[in-house]
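Take a look at the structure below.
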There are 2 protein chains.
Amino acid sequence: MAAARSSYHHGGLREALVQAGLAMSRDRGAEAIVLREATRRVGVTARAAYRHFADRDALVRAVAEEALARMARTIEAKQKEKQAEAGGGLAMLRGVGEGYIQFALDEPGWFDVAFFAMADMVNPTAATRSPYQQLHDALADLVSAELLDPAKAADAAVTCWSGVHGFATLTSRGPLRGLPRERVDAHAERLVADLVDAVAGADRRSG
Amino acid sequence: MAAARSSYHHGGLREALVQAGLAMSRDRGAEAIVLREATRRVGVTARAAYRHFADRDALVRAVAEEALARMARTIEAKQKEKQAEAGGGLAMLRGVGEGYIQFALDEPGWFDVAFFAMADMVNPTAATRSPYQQLHDALADLVSAELLDPAKAADAAVTCWSGVHGFATLTSRGPLRGLPRERVDAHAERLVADLVDAVAGADRRSG
DNA sequence: ACTTGGATGTACACACCGTAGACTTTCGGC
DNA sequence: GCCGAAAGTCTACGGTGTGTACATCCAAGT
């Protein structure tokens, strides 16, 4: 069922094409995903792809969903790591931010593709756990722990997402991509700490 | 000299192609810039473009530079507006943030293209005034006014740029693009205020 | 066991894109 | 007025997304 057939019926074309797409986009991002090349790698005619995807864009979206899922896994791992060294809801939120950024830096191409899937991510479409949902869960925990005013949760989400996404974009494929990794990591840690502080420390400061 | 000639020599092909590129990218961003279509609009053979641009990418970069210049003008206008209602260096910094975001929302396509030019923007390449430089100038003013610790200026730049760029990306062409404009504007104002406060208010809070 | 229908791939074709080499027209300086 | 360089044209090649028509395979039903 999973192995490559020697003739005619492939057996798992859709999945194979997504894998090919992941390989292509890993280095040079979403625009490097080309349908014909994907079919070529899999060993099938170009037109065969259209049995599984309406058009190239549908392939890209499928690849994007997989990339997004991997991103979510990176975040989850980061959260576990941080929770171990210093627990609490704040650590979970920091994990989202740092995991988000780490994925963008480690896999800039996939981060670029994943952004496509984020477009439909806010709605409950995706069954997979998404970074957006991970952010919301972390903020919800903070609300439960009375570290965050429920009325300010939505604003907090926007603030955190914006800061982290902007930093990730600028440093992974943007103008700041030239910076040495250690310097970027230092910036990231401070940035995330500031964001978490601004969001969850608001009650303490201004009441 | 600037008007379109009736035959053979165009007179200002380079500029005309950039204009065509701006028109094409206005709605659908950088990937909508197609070299052949540009030459077609200008009324010239495809190959003619190569007298002025090494390849398509060079065209895109040229368009990006123009888009970036327009962005800078939007920011400048915003700064003048804000400075009138409530002066001070803080108003200048707020102007950068709000102008940046406003441009992204008003001209999402050009914002997308402009990002290409930002890549080479940090270096002193561009003669034109860039948003990055406007940000740095505003922060420098704050340092002069002793509202910002010089040692923290670099961090402040990263924090502001990340927050504003992320928000602009998410709301102009990203997952948050569906939000009604008034809501986005409200978020933007608060976000920028928070950023400015976090950056220039740090001394007051933590000393 | 044999047919049969729907899913899956194939063959071929088309328009469009970026780009290259060789040729032609025009412009500016002597 | 000539002539070299600059600016555009013509033709062509490989690559891409996508459409129409056909071939093949698998599984179910009698």
Side-chain angles (χ1 to χ4, degrees), chain A residues 1-65 109 112-113 116-117, chain B residues 1-65 109 112-113 116-117:
Chain A
M1 187 199 261
R5 304 287 298 226
S6 63
S7 69
Y8 230 96
H9 276 204
H10 182 277
L13 224 202
R14 194 196 141 95
E15 185 53 27
L17 289 172
V18 170
Q19 290 300 324
L22 280 170
M24 286 186 279
S25 59
R26 187 164 196 174
D27 289 329
R28 294 188 355 271
E31 70 175 336
I33 298 177
V34 24
L35 190 143
R36 286 182 95 105
E37 170 70 12
T39 60
R40 220 174 288 131
R41 292 187 185 202
V42 171
V44 103
T45 305
R47 208 60 181 74
Y50 290 86
R51 292 289 169 196
H52 304 276
F53 303 100
D55 52 15
R56 174 187 176 273
D57 219 59
L59 206 210
V60 173
R61 274 198 303 272
V63 174
E65 254 175 58
D112 181 71
V113 194
F116 279 56
Chain B
M1 189 189 266
R5 305 288 298 225
S6 62
S7 68
Y8 230 97
H9 278 201
H10 181 278
L13 223 202
R14 196 197 139 94
E15 183 54 28
L17 289 173
V18 170
Q19 290 299 324
L22 280 170
M24 286 185 280
S25 59
R26 187 164 195 174
D27 289 330
R28 295 188 356 268
E31 71 175 335
I33 297 177
V34 22
L35 190 144
R36 285 183 100 110
E37 170 68 14
T39 60
R40 219 175 289 130
R41 291 188 184 200
V42 170
V44 104
T45 306
R47 203 68 175 72
Y50 289 85
R51 290 287 170 198
H52 303 275
F53 303 101
D55 51 16
R56 173 186 177 273
D57 219 60
L59 207 210
V60 173
R61 273 198 303 272
V63 174
E65 255 176 58
D112 181 70
V113 193
F116 279 56

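When reading the values below, keep in mind they use all heavy atoms of this one structure, side chains included, and skip hydrogens, waters and symmetry mates. Residue numbers start from 1 in every chain, and the chains themselves are labelled A, B, ... in the order their sequence lines are given, proteins ahead of strands.
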message: Looking only at the side chain of A:T45 (C-beta and beyond, no hydrogens), which of the listed nucleotides D:dG17, C:dT10, D:dG8 gets closest?
response: C:dT10

- line: On a heavy-atom basis, the closest approach of B:G29 and B:V113 is C-CG2, 4.1 Å

- line: From CZ of A:R41 across to P of D:dG15 the rounded distance in Å is 15 Å

task: Can you tell me which residue pairs pass the side chain to side chain donor-acceptor pair (under 3.5 Å) test with a partner in residues 48-59 of chain B, sequence neighbours excluded?
output: B:D57-B:R61

message: Measure CG/B:L59 against P/C:dG18 and give the value in whole Å, please.
response: 9 Å

statement: When rounded to whole Å, the CG to C1' distance for the pair A:L17 and C:dG9 reads 12 Å

- prompt: Which part of the nucleic acid, if any, lies within contact of A:R40, taking any heavy atom under 4.0 Å across all strands shown: a base, the sugar-phosphate backbone alone, or nothing?
  reply: sugar-phosphate

message: Can you measure A:R36 atom CZ to C:dC12 atom P for me and round it to whole angstrom units?
response: 13 Å

Heavy-atom pair of closest approach, residues B:V63 and B:S25: CG1-OG, 4.0 Å

- prompt: Looking at DNA chain C, which of residues 21-35 of chain A put a heavy atom within less than 4.0 Å of it?
  reply: none

- prompt: Which residues in residues 46-55 of chain A have at least one heavy atom lying under 4.0 Å from any atom of DNA chain D?
  reply: A:R47, A:Y50, A:D55

query: Which atom names give the shortest non-hydrogen contact between A:G21 and A:I33, and what distance separates them?
result: O-CG1, 3.8 Å

- prompt: Do the side chain of A:R56 and the base of D:dG17 come within less than 3.5 angstrom through a donor-acceptor pair of N or O atoms?
  reply: no

message: With side chain to side chain contact (heavy atoms under 4.5 Å, CB included) as the criterion, how do B:T45 and B:T39 come out once you've worked through the C-alpha distance, each side chain's angles and the decisive distance to 0.1 Å?
response: CA-CA 6 Å; B:T45 306; B:T39 60; over 6 Å; no

task: If a pair satisfies salt bridge (charged side-chain N to carboxylate O under 4.0 Å, His left out) and one of its residues is in residues 11-36 of chain A, list it, with sequence neighbours excluded.
output: A:R26-A:E107

message: Are more than 12 heavy atoms, taken from residues, nucleotides or ligands other than B:F116, located less than 6.0 Å from that residue's CZ atom?
response: no

query: How would you list all residue pairs meeting salt bridge (charged side-chain N to carboxylate O under 4.0 Å, His left out) that involve residues 37-47 of chain A, not counting sequence neighbours?
result: A:E37-A:R40, A:E37-A:R41

